[in-house]
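All remarks here apply to the structure that follows.
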2 protein chains.
Amino acid sequence: MNLSIGALSRETGVKVPTIRYYEDVGLLPEADRTVSNRRTYGPGDVSRLRFIRHARDLGFEVDAIRQLLQMSDHPSKPCQEVDSIARRHLANIDSKIDRLTALRTEIRRMLDSDAHGTISECRVLDVLAEHGKCLHEHH
Amino acid sequence: MNLSIGALSRETGVKVPTIRYYEDVGLLPEADRTVSNRRTYGPGDVSRLRFIRHARDLGFEVDAIRQLLQMSDHPSKPCQEVDSIARRHLANIDSKIDRLTALRTEIRRMLDSDAHGTISECRVLDVLAEHGKCLHEHH
DNA sequence: CTTGATCCTCTAGTGACTAGAGATCGTAAC
DNA sequence: GTTACGATCTCTAGTCACTAGAGGATCAAG
């Protein structure tokens, strides 16, 4: 049931040094050690690490992930602070979804018009750039 | 019509040194200079830079952005290479949207059940972690 | 013509990894 | 048992994408 760091790495697709790094910066708790000082992990660590990997890939920074994990670690205390954090992230996520959807639509349109032989002018750039009107809201 | 680097920065929300950095790494073309060696920019640069900013925020790395910009720079040549790049990005974008949507749903559920006084167990972690089943497909 | 903001280049620091050196540990094969 | 070798350990240094700062030049307002 317990995994070595290498097994955890294979299980999650996160590289071994990166796992150690996440422990260093407090995204993962300090791992239990065997008598010979090797880290051991359980199933909970697998989920947590997969979450971290996806969140990073989605452009959340470590600090944001720390907050999301905190929500998960203390679910029964949705105090005002956690609540406002959640709301802020929700707004950020909505914005990301909107922009990705716009980008997707445009790339699809390009591929599509290409298939039909029409010379397509590419507007991928503009479709995201126009979102620039919502200036400076996310820092 | 022409902007200084500071004006471009205010226009796009991208910091001045970052703009220079993007020029260094080739995301922005080498800027025209005034007689006194200052960079000047036009409206095209505003769009391009906004696009870069959003793309970065959405978790695309500089190299991916370079590819997307190339699509935009040569729209009339949807050769097979560009086409496959677009398709790969499309798949990646779809996946990002899926995961963000799942995360959004779960955060909403938390906020919602909190509002109704129920003690909500937080599953934000699991909802993304389960996507870990689609292992190693992106890079 | 001075003063302050903005620009220039260049070097160095940060965040989030990633790679490598050198040492130790665990197991399987002799 | 002991040798072989792969996985792990710690620690330092390198990469990518910025970000901040020093030191100097330039522009625009007063």
Side-chain angles (χ1 to χ4, degrees), chain A residues 2-42 45-46 48-69 92 128 136 138-139, chain B residues 1-42 45-46 48-69 128 136 138-139:
Chain A
N2 276 21
L3 298 169
S4 69
I5 197 168
L8 179 64
S9 171
R10 282 187 294 279
E11 198 65 28
T12 58
V14 177
K15 292 177 185 163
V16 168
T18 307
I19 296 173
R20 289 196 273 253
Y21 170 74
Y22 286 153
E23 181 178 323
D24 275 359
V25 300
L27 288 186
L28 291 175
E30 293 203 5
D32 291 343
R33 302 292 183 120
T34 66
V35 269
S36 61
N37 198 35
R38 284 153 185 236
R39 293 171 176 84
T40 49
Y41 299 94
D45 296 308
V46 176
R48 195 179 182 90
L49 193 47
R50 280 182 180 158
F51 174 82
I52 296 168
R53 181 168 72 86
H54 284 295
R56 286 291 300 133
D57 186 50
L58 293 169
F60 294 97
E61 43 200 47
V62 164
D63 209 60
I65 296 172
R66 223 189 302 273
Q67 294 177 354
L68 291 167
L69 284 172
N92 187 9
L128 273 195
H136 316 125
H138 343 288
H139 54 99
Chain B
M1 205 69 216
N2 276 20
L3 299 170
S4 69
I5 197 168
L8 180 63
S9 170
R10 280 186 296 280
E11 199 65 27
T12 57
V14 178
K15 291 176 185 164
V16 169
T18 307
I19 296 173
R20 289 197 273 252
Y21 170 74
Y22 287 154
E23 180 178 325
D24 276 0
V25 299
L27 288 185
L28 292 174
E30 291 204 7
D32 291 343
R33 302 292 183 118
T34 65
V35 268
S36 62
N37 199 34
R38 283 152 186 240
R39 293 170 177 84
T40 49
Y41 299 94
D45 297 308
V46 177
R48 194 179 182 90
L49 193 47
R50 280 182 180 156
F51 173 81
I52 296 168
R53 181 168 70 84
H54 285 295
R56 287 291 301 131
D57 186 50
L58 293 169
F60 294 97
E61 44 200 46
V62 164
D63 209 60
I65 297 172
R66 222 188 303 271
Q67 293 177 354
L68 291 167
L69 284 172
L128 273 195
H136 317 123
H138 342 293
H139 68 90

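The chains referred to below are lettered A, B, ... by the order of the sequence lines, with proteins before strands, and numbering in each begins at 1. What you see is a predicted model, and the numbers here were worked out from it, not measured in a lab.
- One interatomic measurement links the two molecules: CD1 of A/Ile52 to P of C/dA16, which rounds to 12 Å at whole-angstrom precision.
- Remark on DNA chain D: of its neighbouring residues B/Arg38 and B/Glu61, the 5'-side contact belongs to B/Glu61, judged by nearest-heavy-atom nucleotide.
- Closest to the B/Tyr21 side chain, of the nucleotides D/dT8, D/dT19, C/dA16, is D/dT19.
- No donor-acceptor distance shorter than 3.5 angstrom exists from the side chain of A/Arg48 to the backbone of A/Ile52, with no hydrogens or angles considered.
- Whole-Å rounding puts the A/Glu30 CD to D/dC9 P distance at 13 Å.
- Taking atom CD1 on A/Ile19 and atom P on C/dT18, their separation rounds to 12 Å, with Å as the unit.
- Look at CG on B/Asn2: it is 16 Å from C1' on C/dC7, rounded to the nearest Å.
- For B/Ser4 and A/Leu27, each mapped to the nucleotide of DNA chain C holding its nearest heavy atom, the one lying further toward the 5' end belongs to B/Ser4.
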With side-chain contact (heavy atoms from CB on, under 4.5 Å) as the criterion, how do B/Tyr22 and B/Arg56 come out once you've worked through the C-alpha distance, each side chain's angles and the decisive distance to 0.1 Å?
CA-CA 12 Å; B/Tyr22 287 154; B/Arg56 287 291 301 131; 3.7 Å; yes
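- For A/Asn37, the side-chain atoms get nearest to D/dT10 when compared with the rest of D/dC18, C/dC17, D/dT10.
- Regarding A/Glu23, its CD atom lies at a distance of 12 Å from the P atom of D/dC11, rounded to whole Å.
- Listed nucleotides: D/dA17, D/dT19, D/dC9. Nearest to the side chain of A/Ile5: D/dC9.
- Rounding to whole angstrom units, OH of residue B/Tyr41 and C1' of C/dC7 are separated by 11 Å.
- Here C/dT18 is the nucleotide among C/dC7, C/dT18, D/dT19 with the atom lying nearest to any side-chain atom of A/Thr18.
- Straight-line distance from the CG atom of A/Asp24 to the P atom of C/dG15: 14 Å, rounded to whole Å.
- The backbone N or O of B/Glu11 sits less than 3.5 Å from a side-chain atom of B/Arg50, completing a donor-acceptor pair.
- B/Lys15 places its NZ atom 14 Å from the C1' atom of C/dG13, with the value rounded to the nearest Å.
- Between B/Arg20 and B/Asp63, the one whose closest nucleotide on DNA chain D sits nearer the 5' end is B/Asp63.
- For A/Thr40 (side chain) and A/Asn2 (main-chain N/O), no donor-acceptor pair under 3.5 Å exists by modelled atom type.
- For the pair B/Ser36 and A/Val35, both in contact range of DNA chain C, the more 5′-proximal nearest nucleotide belongs to B/Ser36.
- The side chain of B/Arg33 lies closest to C/dC8 when the candidates are C/dT18, D/dT19, C/dC8.
- For the pair B/Tyr22 and D/dC18, the criterion of a side-chain N or O lying under 4.0 Å from OP1 or OP2 is met.
- The side chain of B/Arg39 approaches C/dT9 more closely than any other nucleotide in the set D/dT26, C/dT18, C/dT9.
- Proximity of a side-chain donor or acceptor of A/Arg66 to a complementary backbone N or O of A/Val25 within less than 3.5 Å is detected.
- The side chain of A/Val62 has C/dC17 as its nearest neighbour among C/dC17, D/dA17, C/dA19.
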